[in-house]
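Have a look at the structure below, then the notes.
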Amino acid sequence: MLRTLRNVSGRALRIPKLVRNQHTVVVGIDLGTTNSAVAVVENEEAKILENEDGSRTTPSVVAYTKDQGILVGAPAKRQAVVNPQNTFFATKRLLGRKYADEEVQRDLNNTPYSVVPHDNGDAWLQTVDGKTLPPSQISGFILQKMKSVAEQQLGQKLKHAVVTVPAYFNDSQRQATKNAGKIVGLDVVRVINEPTAAALAYGIDKKQSDGVVAVFDLGGGTFDISILDIEDGVFEVRATNGNTHLGGEDLDVILLHKILDHFKEQSGGIDLRRDRLAVQRVREAAERAKIELSTVKTTEINIPFISGDKHIKMTLTEDQLDEMAAGLIAKTIDPVKKCIRDAELKVRDIDEVLLVGGMTRMPKIRTTVEELFQRKPSTAVNPDEAVALGAAIQGAVISGQIKNVVLLDVTPLSLGIETYGGIFSPLIPRNSAVPVNKEQIFSTAVDGQTGVEIRVYQGERSLVRDNKMIGNFKLSGIPIALKGVPQIAVSFAIDADGIINVSATDKTPGDPNSPSDAAAANTVSIQVSAETGLTEEEVQQMVSDSAANSQRDAETRKKVEHATRADILCSDTENALFRFGEEMEDSEVEQISSMVAKLRVKINDVREGIRDHPVQEINDEVNAIQKVCLEAIQKVAIKQQKEQEKK
Ligand code: AMP
């Protein structure tokens with residue numbers, strides 16, 4: 001949320017100031033999958049800084065070369081065809097991901113460079129001479145390049161930057177982006193969401209822009225949709241959705257295979273797929289053709305001498321490209337609808353639609369957006385530049401150069417912990433404004449429990465088994481007490497970068513007379529580690545599963561809750577057997593024990609999702625146990641009373 005201070009009704013606003021020094025410059029960097037851009041605010045106006053070629057964007061490409069060392073940007077892109085295995089592009093798609101992730105595996109066949117599993121399972125890159133490096137290092141080189149572009153233009157050394165990420169990046173992808181800065185000594189003072197940055201650029205630029213704005217951002221590798229409220233200078237992100245593995249690169253790959261198939265057919269069976277150099281040439285031609293078809297109806301793909309004396313010659317029409325893009329375009333529709341729903345709006349409530357990302361230049365994307373929102377998208381922002389401009393504005397807010405704005409974004413997925421019975425207890429619902437802190441008191445589930453494991457999950461489903469665990473830790477040293485007595489405060493903090501911290505504190509009131517009990521509370525905390533992020537597929541799956549399964553989830557949750565209550569009764573019954581069993585008939589003890597054991601199997605089935613048992617069946621067994629146990633205890637009580645009377 002970006003807010004003019006005078007409009008904040010009595011609420012204290014913290015504007016994070018980096019320094020009060022007038023001269024500190026915080027640049028904004030759009031670290032794109034395909035291209036990157038850097039911008040700065042001067043005289044209250046954001047402007048793009050051109051690179052040494054006079055270009056306003058720089059290809060996000062890094063090459064390891066024999067003669068020239070490491071090349072970044074256009075020089076790296078230019079030599080890709082002759083050095084395909086050492087030229088790294090679109091590596092943002094690998095950032096914060098595991099090698100085994102489905103998306104990584106899918107991309108492996110289409111990248112001329114090698115992707116290898118690192119010791120911790122992360123997807124890393126490998127040069128021809130065997131050197132391995134994390135994708136964040138490539139991002140680091142690009143950040144360094146953008147920093148030097150800015151330094152040259154501004155004539156001063158820079159240390160700080162605001163870097164943008166797709167709104168749907170998860171915790172580990174955000175951390176990997178911050179680390180990329182660290183690797184090259186650039187202090188990434190804030191990570192902000194790309195669509196939010198674009199809206200910021202639009203809002204600041206068009207001073208009279210009040211209303212609800214949707215930002216449709218389809219770039220080389222990611223898709224984001226965000227809906228913001230802009231009112232009297234106040235920017236509030238209402239909802240966000242997207243897919244961190246969907247973009248122009250996917251269409252390039254589809255077209256690449258079409259061209260390779262066409263050549264195979266024309267050449268009588270020559271398959272170029274194993275020829276990395278040829279594949280790289282075709283890939284570049286595919287992207288060029290795609291871009292051309294945004295302005296013309298038909299284009300020629302000509303690649304001479306692709307194999308010996310053979311050439312590729314092929315005509316491609318806009319309609320053919322649209323057909324190839326149909327699947328990709330279809331994948332943007334659901335997130336848009338969900339985002340509108342999450343923002344609690346109707347399509348007609350949206351006053352303006354901004355297009356961001358190179359792929360939104362494709363006419364078919366524009367008409368799809370127009371159909372979805374029932375209005376022509378705005379052309380007020382430059383899709384290639386808006387994100388960097390917005391990042392620069394946020395940088396100027398942080399440095400104190402721009403005074404009257406604050407930006408608050410939202411978290412894309414719900415966050416919570418596992419509670420007894422495998423229930424997911426969300427503390428922070430998705431689309432909550434960040435930074436955000438939430439605390440909730442939990443207790444122990446078993447008598448005498450001295451430790452609890454806090455398992456942190458992200459997702460939208462009712463049971464943890466359907467969500468993604470992103471971290472766990474133990475709080476031990478809880479003083480022995482009956483179940484339900486200890487008070488364990490679990491707090492979640494998501495900072496402005498979207499990075500998560502969780503802590504648990506034993507807040508059980510102690511004996512005030514005991515100096516040890518009165519001592520400081522026992523606290524354990526974690527920053528959710530960068531290695532355990534969600535795969536995009538999982539994020540997408542979670543959100544869509546959640547909608548599709550919400551009714552079934554509610555039923556399952558009810559069943560699990562019933563099972564948990566039944567389990568508590570089983571424990572109480574076992575306690576009763578422990579206390580009174582000696583005085584009960586052996587047959588009674590046996591009967592009760594076997595009833596409890598039978599019920600426990602069913603409880604376990606329900607909780608673990610092994611087998612279904614109707615709630616009524618479990619309730620009947622609970623009632624039967626209670627009845628038999630009560631009768632047995634009553635008999636014991638009568639027996640004890642008689643013995644008392646005898647005495
Ligand atoms: P970005 O990540 O925003 O830089 O977007 C880059 C993606 O947009 C790449 O896949 C480009 O091929 C694609 N792109 C750039 N310009 C155009 C255009 N005029 N028509 C279609 N796609 C484009």
Is [X] salt-bridged to [Y], cutoff N-O under 4.0 Å?
{"X": "Glu103", "Y": "Lys98", "value": "no"}
{"X": "Asp122", "Y": "Arg97", "value": "no"}
{"X": "Lys507", "Y": "Glu439", "value": "yes"}
{"X": "Glu460", "Y": "Lys338", "value": "no"}

If you compare all heavy atoms of [X] against all heavy atoms of [Y], which two are closest, and at what distance to 0.1 Å?
{"X": "Ala239", "Y": "Ala343", "value": "CB-N, 3.7 Å"}
{"X": "Val410", "Y": "Val237", "value": "CG1-O, 3.3 Å"}
{"X": "Ser226", "Y": "Ala167", "value": "OG-CB, 4.2 Å"}
{"X": "Leu328", "Y": "Gly247", "value": "CD1-O, 3.3 Å"}
{"X": "Val188", "Y": "Gly181", "value": "CG2-CA, 3.8 Å"}
{"X": "Leu475", "Y": "Ala504", "value": "CD1-O, 3.8 Å"}

Practice task
Report the C-alpha distance between Ser491 and Asn437 in whole Å, list the side-chain angles of each, state the deciding distance to 0.1 Å, and finish with yes or no for side chain to side chain contact (heavy atoms under 4.5 Å, CB included).
Solution key: CA-CA 7 Å; Ser491 52; Asn437 294 306; over 6 Å; no

Does the side chain of [Y] come within less than 4.5 Å of [X]'s, by heavy atoms?
{"X": "Met584", "Y": "Val636", "answer": "yes"}
{"X": "Leu599", "Y": "Cys570", "answer": "yes"}
{"X": "Ile454", "Y": "Asn472", "answer": "no"}
{"X": "Leu31", "Y": "Thr177", "answer": "yes"}
{"X": "Ser443", "Y": "Val485", "answer": "no"}
{"X": "Asn575", "Y": "Asp447", "answer": "yes"}
{"X": "Val606", "Y": "Ile618", "answer": "yes"}
{"X": "Val215", "Y": "Leu228", "answer": "yes"}

Hey, does the side chain of [X] reach the backbone of [Y] with a donor-acceptor pair shorter than 3.5 angstrom?
{"X": "Asn243", "Y": "Asp224", "answer": "no"}
{"X": "Gln449", "Y": "Val446", "answer": "yes"}
{"X": "Gln105", "Y": "Tyr99", "answer": "yes"}
{"X": "Asn604", "Y": "Val601", "answer": "no"}

Handout entry: Residue among Leu630, Val628, Val622 satisfying side-chain contact (heavy atoms from CB on, under 4.5 Å) with Gln626
Key =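 So the option named by the test is Val622.
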
Assess, by modelled atom type and distance only, whether the side chains of [X] and [Y] contain a donor and an acceptor separated by less than 3.5 Å.
{"X": "Asp107", "Y": "His245", "answer": "yes"}
{"X": "Thr411", "Y": "Ser432", "answer": "no"}
{"X": "Gln616", "Y": "Asp620", "answer": "yes"}
{"X": "Arg174", "Y": "Asn193", "answer": "yes"}
{"X": "Arg600", "Y": "Ser571", "answer": "yes"}
{"X": "Thr244", "Y": "Thr222", "answer": "no"}
{"X": "Thr164", "Y": "Arg190", "answer": "no"}

With rounding to the nearest 0.5 angstrom, report the [atom1] to [atom2] distance, [X] to [Y].
{"X": "Ser425", "Y": "Phe442", "atom1": "OG", "atom2": "CZ", "value": "5.0 Å"}
{"X": "Ser139", "Y": "Leu95", "atom1": "OG", "atom2": "CG", "value": "4.5 Å"}
{"X": "Ser587", "Y": "Glu585", "atom1": "OG", "atom2": "CD", "value": "5.5 Å"}
{"X": "Gln591", "Y": "Asp586", "atom1": "CD", "atom2": "CG", "value": "13.0 Å"}
{"X": "Glu583", "Y": "Ile633", "atom1": "CD", "atom2": "CD1", "value": "11.0 Å"}
{"X": "Ile494", "Y": "Asn501", "atom1": "CD1", "atom2": "CG", "value": "10.0 Å"}

Exercise for the section: Measure up the Trp124 and His118 rings against each other and bin them: parallel (under 30°), tilted (30 to 60°), perpendicular (over 60°). Expected result: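 Ring orientation of Trp124 relative to His118: parallel.
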
Handout entry: Results of ring-ring contact (aromatic ring centres under 6.0 Å, His included) for Phe169 - residues two or more places apart only
Key =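 Result, ring-ring contact (aromatic ring centres under 6.0 Å, His included) vs Phe169: none returned.
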
Problem - Those residues that, when tested against Phe492, pass ring-ring contact (aromatic ring centres under 6.0 Å, His included) (two or more places apart) - result: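 In terms of ring-ring contact (aromatic ring centres under 6.0 Å, His included), with neighbours along the sequence ignored, Phe492 is linked to no residue.
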
Surrounding [atom1] of [X] (heavy atoms of other residues, nucleotides or ligands, distance under 6.0 Å), is the total greater than 12?
{"X": "Glu344", "atom1": "CD", "answer": "no"}
{"X": "Lys639", "atom1": "NZ", "answer": "yes"}
{"X": "Glu643", "atom1": "CD", "answer": "yes"}
{"X": "Ile480", "atom1": "CD1", "answer": "no"}

Exercise for the section: Apply the test side chain to side chain contact (heavy atoms under 4.5 Å, CB included) to residues Leu415 and Ile500: give CA-CA distance (whole Å), side-chain angles for both, the deciding distance (0.1 Å), then the verdict. Expected result: CA-CA 9 Å; Leu415 283 154; Ile500 304 160; 3.5 Å; yes

Problem - Centroid-centroid distance, Phe216 to Phe223, less than 6.0 Å - result: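 Yes: the rings meet the under 6.0 Å criterion.
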
Exercise for the section: Have a look at Asp342 and tell me which of Arg238, Lys337, Arg430 forms a side-chain hydrogen bond (donor to acceptor under 3.5 Å, both in side chains) with it. Expected result: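 For Asp342, the side-chain hydrogen bond (donor to acceptor under 3.5 Å, both in side chains) test succeeds with only one of Arg238, Lys337, Arg430, which is Arg430.
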
Practice task
Applying side-chain hydrogen bond (donor to acceptor under 3.5 Å, both in side chains), name anything that partners Glu588, two or more places apart in sequence or on another chain.
Solution key: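 Glu588 satisfies side-chain hydrogen bond (donor to acceptor under 3.5 Å, both in side chains) with Lys635 once adjacent residues are dropped.
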
Practice task
Show your reasoning for whether side chain to side chain contact (heavy atoms under 4.5 Å, CB included) applies to Arg455 and Ile417.
Solution key: CA-CA 5 Å; Arg455 293 166 185 260; Ile417 62 166; 5.9 Å; no

Exercise for the section: Step by step, work out the side chain to side chain contact (heavy atoms under 4.5 Å, CB included) result for Leu577 and Ile592. Expected result: CA-CA 8 Å; Leu577 285 182; Ile592 296 169; 4.0 Å; yes

